[in-house]
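Both backbone and side-chain heavy atoms feed into the values below; hydrogens, waters and symmetry mates do not. Whatever order the structure lists them in is the order used to number ligands and atoms, beginning at 1.
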Amino acid sequence: MRSIKILHMYADMLDLYGDSGNMEILRYRCRMRGIDCTVDSYSIDSDMPDFSSYDLIYIGGGADLEQQHISADLMKCREGIMKAYKEGVFLFLICGGYQLMGKYYRDADGNEIKGLGLFDYYTVAPSSRRKRCIGNIVIRTEITGKPVEVVGFENHGGQTHDVKTPFGEVLCGNGNCSKSTAEGYTEKNVIATYLHGPCLAKNPEISDYMISYCINRGSEEKTELKALDDSLEKNCRKVMLKRLLSEK
Ligand code: GLN
């Protein structure tokens, strides 16, 4: 079975609410199946990597200040990331990372941080810092081919507009905008979401969708992933779903 190579960008700056834990989960789920999983780091002033040599590029979330700090450096990576995405490298993006792949993010003070413009959406935060979307969130996605209820935690001022292909439908919480019905952005090789948590901890199907995508990319024969015992993860999620959906 082949190995998976991941590039984790700006882990020292964009790592809110356990976002780096997503890498632990991907590593663990690969290790349990005998898949070799390497996670390289990239941050400001690292040597320019060959983005196309990775199977998955991951960027977590961060406060406005961190987003400003990394924005010039991220822009230097634009061409490489764009090329990798077009070649089918998977992009997994959380909150601040999600926002910066769109056209721009305008923060609460009106500062505009240019995004890489890979996708058409844009994000604007209201001028009042009190108006944030904060709390537990449940969405339903069909990315795996079957409906899956995904649980996470959101905390963002940014309201993301013009999303044509959302990651999921909001069952509880806010999503792309305050009280919206749509959450995140997706394509076959993109999951961009506001869900922290870390997102993958309670949602094993989403991890496996990405692992399966990565190991099968470019191969004629589809390798099925060995099933793991996810009873703990699924029971945790069941508790959260019961709590959040019955509160409504
Ligand atoms: N700073 C951005 C916002 O407030 C992103 C926050 C985050 O990554 N949680 O919208």
Next on the checklist: Taking Thr223's backbone N and O only, do any of them form a donor-acceptor pair with Asn216's side chain (distance below 3.5 Å, no angle check)?
Outcome noted: yes
Next on the checklist: Give me the residue, atom name and distance of the protein heavy atom closest to atom 1 (N) of ligand 1.
Outcome noted: Asp64 OD1, 2.6 Å
If you measure from each heavy atom of [X] to ligand 1, is any distance below 4.0 Å?
X: Arg132; result: yes
X: Glu154; result: no
X: Tyr194; result: no

Next on the checklist: Taking Asp230 first and then Arg29, would you say they form a salt bridge - that is, a charged N and a carboxylate O separated by under 4.0 Å?
Outcome noted: yes
Enumerate the atoms of ligand 1 whose separation from the nearest heavy atom of [X] is less than 4.0 angstrom.
X: Gly157; value: 3 (C), 4 (O), 10 (O)
X: Gly158; value: 3 (C), 10 (O)
X: Cys95; value: 5 (C), 6 (C), 7 (C), 8 (O), 9 (N)
X: Gly61; value: 8 (O)

Of the side chain and backbone of [X], name the one, both, or neither that has a heavy atom under 4.0 Å from an atom of ligand 1.
X: Leu16; answer: side chain
X: Ala125; answer: neither
X: Asn155; answer: backbone

Does the side chain of [Y] come within less than 4.5 Å of [X]'s, by heavy atoms?
X: Asp40; Y: Tyr42; answer: no
X: Val138; Y: Val150; answer: no
X: Leu116; Y: Leu74; answer: yes

Checklist entry - For atom 2 (C) of ligand 1, which candidate among His156, Gln67, Glu66, His196 holds the nearest heavy atom? => result Gln67
Checklist entry - If you measure from atom 6 (C) of ligand 1 to every heavy atom of Gly96, Ala63, Gly62, which option wins on shortest distance? => result Gly62
Item to check | Tyr209 side, atom OH; Ile143 side, atom CD1 - distance, nearest 0.5 Å | outcome: 4.0 Å
Item to check | Donor + acceptor pair across side chains of Asp55, Tyr213 (<3.5 Å) | outcome: no
Checklist entry - If you measure only the distance, is there a donor-acceptor pair under 3.5 Å linking the side chains of Tyr104 and Gln99? => result no
